[in-house]
Amino acid sequence: MSQNGDDPEQRQQASEADAMAATFRASEHQHIRYNPLQDEWVLVSAHRMKRPWQGQVEPQLLKTVPRHDPLNPLCPGATRANGEVNPHYDGTFLFDNDFPALQPDAPDPGPSDHPLFRAEAARGVCKVMCFHPWSDVTLPLMSVPEIRAVIDAWASVTEDLGAQYPWVQIFENKGAMMGCSNPHPHCQVWASSFLPDIAQREERSQQSYHSQHGEPLLLEYGRQELLKKERLVLSSEHWLVLVPFWAVWPFQTLLLPRRHVRRLPELTPAERDDLASIMKKLLTKYDNLFETSFPYSMGWHGAPMGLKTGATYDHWQLHAHYYPPLLRSATVRKFMVGYEMLAQAQRDLTPEQAAERLRALPEVHYCLAKKDKETAAVA
């Protein structure tokens, strides 16, 4: 054995001893955090934010979007790809997706001849929901009553499709960075005959926690975050917005009701009003962070709709996930590649740092604030 301190085992022991002697700081020292909702881990490496960025810079977003474009298939009165003409709607507008990923009458693939080549039937429907007749009005620029109308439409379509399908997935992809090809404010609703993978993980995790502790996982989690406050972004009478302890995306948030609610249709009128208000505040903060129309993918997760006979799904808690990609500016995003695709998720600032930045942002949209200043200057 070497006596000059160059022995690899000695060096490793010395390094481990130094690490144990150091004071852990989440903002300086990498660590992994567990996501009990989806039974997975994320690597937190906040010190990476100090490195200079020499990677891809996204193009600047469109500064103006025409309020009405007769060639835009989502606008009132426009003709869609299948030849149908949209009504001159003045609120929300729900219609069947012209290019659906799921169809209700797809044939069964039949039995497999080998366990490594399994395929099962997948049936469902896909719909598109426009939030507003104007293309230049995103959710944070809509009024609270207008957002409330969107929430009512979400609840209604969940109830309608849930009568036939066990899973109803409402999701919004906002911005070209998140794959949205049309700037008109809208979301999609996919109902399926099967539980998707993430829904299955959330089902198992919430059921396991409830059986061990006697209450819903996310209900207790919301209470704990409300006590700690370090990851809390917004709170109201009925709702909490927080950056989850296990967040993967830089400014990811979780939207939770404060009482036990399993599905969107169960929300009371007061909870819907409050949800509209807190959504407007959150999305305004997002836009204000880098003074841009903040891109994200978001979606609602609620209890399956009667998948098992007699199932109550009391272990479920309704929640919405927001996954925005922006990391450093309006043009520098977080990429989920390499380590993230081949090992596990990794993030570049702590959830506590992200929550602190979001908390500090004003709740008045930067576009409206600029208009007020311009108006005052002219006056």
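Since we're looking at a predicted model, the values are computed, not measured.
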- Go through the side-chain N and O atoms of His365 and Asp287 and say whether any donor and acceptor fall under 3.5 Å apart.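 Yes - a donor-acceptor pair under 3.5 Å links their side chains.
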- Distance-only polar pair, side chains of Ser293 and Lys174, donor-acceptor under 3.5 Å: yes
Just by distance, do the side chain of [X] and the backbone of [Y] share a donor-acceptor pair under 3.5 Å?
{"X": "Asn86", "Y": "Cys75", "answer": "yes"}
{"X": "Ser205", "Y": "Glu202", "answer": "no"}
{"X": "Arg328", "Y": "Lys334", "answer": "no"}
{"X": "Ser112", "Y": "Phe117", "answer": "yes"}
{"X": "Arg359", "Y": "Glu230", "answer": "yes"}
{"X": "Arg263", "Y": "Ala303", "answer": "yes"}
{"X": "Trp246", "Y": "Val42", "answer": "no"}
{"X": "Thr158", "Y": "Trp154", "answer": "yes"}
{"X": "Arg258", "Y": "Ser236", "answer": "yes"}
{"X": "Arg272", "Y": "Asp152", "answer": "no"}

- Query: With sequence neighbours excluded, what pairs up with Glu172 under the side chain to side chain donor-acceptor pair (under 3.5 Å) test?
  - Reply: Tyr296
- Query: Who pairs with Ser277 by side chain to side chain donor-acceptor pair (under 3.5 Å), at least two apart in sequence or on another chain?
  - Reply: none
Under 4.5 Å between side-chain heavy atoms, hopping through other hydrophobics if needed: is there a path connecting [X] to [Y]?
{"X": "Trp316", "Y": "Leu256", "value": "no"}
{"X": "Leu282", "Y": "Val248", "value": "no"}
{"X": "Leu254", "Y": "Ile170", "value": "no"}
{"X": "Val243", "Y": "Leu361", "value": "yes"}
{"X": "Leu242", "Y": "Trp239", "value": "no"}

Can you see which heavy atom on [X] is nearest to which on [Y], and at what distance?
{"X": "Pro250", "Y": "Leu327", "result": "CG-CD1, 3.7 Å"}
{"X": "Met305", "Y": "Gly162", "result": "CB-O, 3.4 Å"}
{"X": "Asn182", "Y": "His186", "result": "O-CE1, 3.5 Å"}
{"X": "Ser45", "Y": "Gln30", "result": "OG-CB, 4.1 Å"}
{"X": "His184", "Y": "Ser135", "result": "ND1-OG, 2.7 Å"}
{"X": "Ala330", "Y": "Leu326", "result": "O-CD2, 3.6 Å"}

- Does a side-chain N-to-carboxylate-O contact under 4.0 Å join Glu220 and Arg223? yes
- Before accepting this row, confirm whether a basic side-chain N of the pair Arg80/Asp96 lies closer than 4.0 Å to the acidic partner's carboxylate O.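 Judged by the 4.0 Å cut-off on N to carboxylate O distance, Arg80 and Asp96 do not form a salt bridge.
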- Item | For Arg25, all residues meeting salt bridge (Lys or Arg N to Asp or Glu O under 4.0 Å), sequence neighbours excluded | none
- Using the side chain to side chain contact (heavy atoms under 4.5 Å, CB included) rule, take Leu102 and Phe194 through it: C-alpha gap first, then chi angles, then the decisive distance, then the call. CA-CA 11 Å; Leu102 292 164; Phe194 56 91; 4.1 Å; yes
- Task: Could you name each residue pair satisfying salt bridge (charged side-chain N to carboxylate O under 4.0 Å, His left out) that touches residues 185-198, not counting sequence neighbours?
- Result: none
- What pairs of residues pass the salt bridge (charged side-chain N to carboxylate O under 4.0 Å, His left out) test when at least one of them lies in residues 241-257, not counting sequence neighbours?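 Of all non-adjacent pairs touching residues 241-257, none passes salt bridge (charged side-chain N to carboxylate O under 4.0 Å, His left out).
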- Message: Which residue in the set Tyr366, Phe294, Tyr323 passes ring-ring contact (aromatic ring centres under 6.0 Å, His included) when paired with Tyr286?
- Response: Phe294
- Message: Applying side chain to side chain donor-acceptor pair (under 3.5 Å) to Arg262 and His260, what does each step give before you reach the verdict?
- Response: CA-CA 7 Å; Arg262 297 173 303 168; His260 184 204; 5.8 Å; no
- Flag yes if more than 12 heavy atoms outside Glu266 fall under 6.0 Å of its CD atom; otherwise flag no.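 Buried by this count: over 12 neighbours within 6.0 Å.
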- Message: Which residues pass the ring-ring contact (aromatic ring centres under 6.0 Å, His included) test with His301, not counting sequence neighbours?
- Response: Trp167, His319, His321
- Item | Evaluation steps, side chain to side chain contact (heavy atoms under 4.5 Å, CB included), between Tyr313 and Glu203 | CA-CA 9 Å; Tyr313 294 103; Glu203 161 67 14; 3.8 Å; yes
- For the residue pair Tyr165 and Pro104, establish whether any side-chain heavy-atom pair is separated by less than 4.5 Å.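 Tyr165 reaches Pro104 side chain to side chain.
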- Axial cation check for Phe251 ring with Arg357, 6.0 Å and 45° limits: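 Because its charged atom misses either the 6.0 Å distance or the 45° angle limit, Arg357 does not stack over Phe251.
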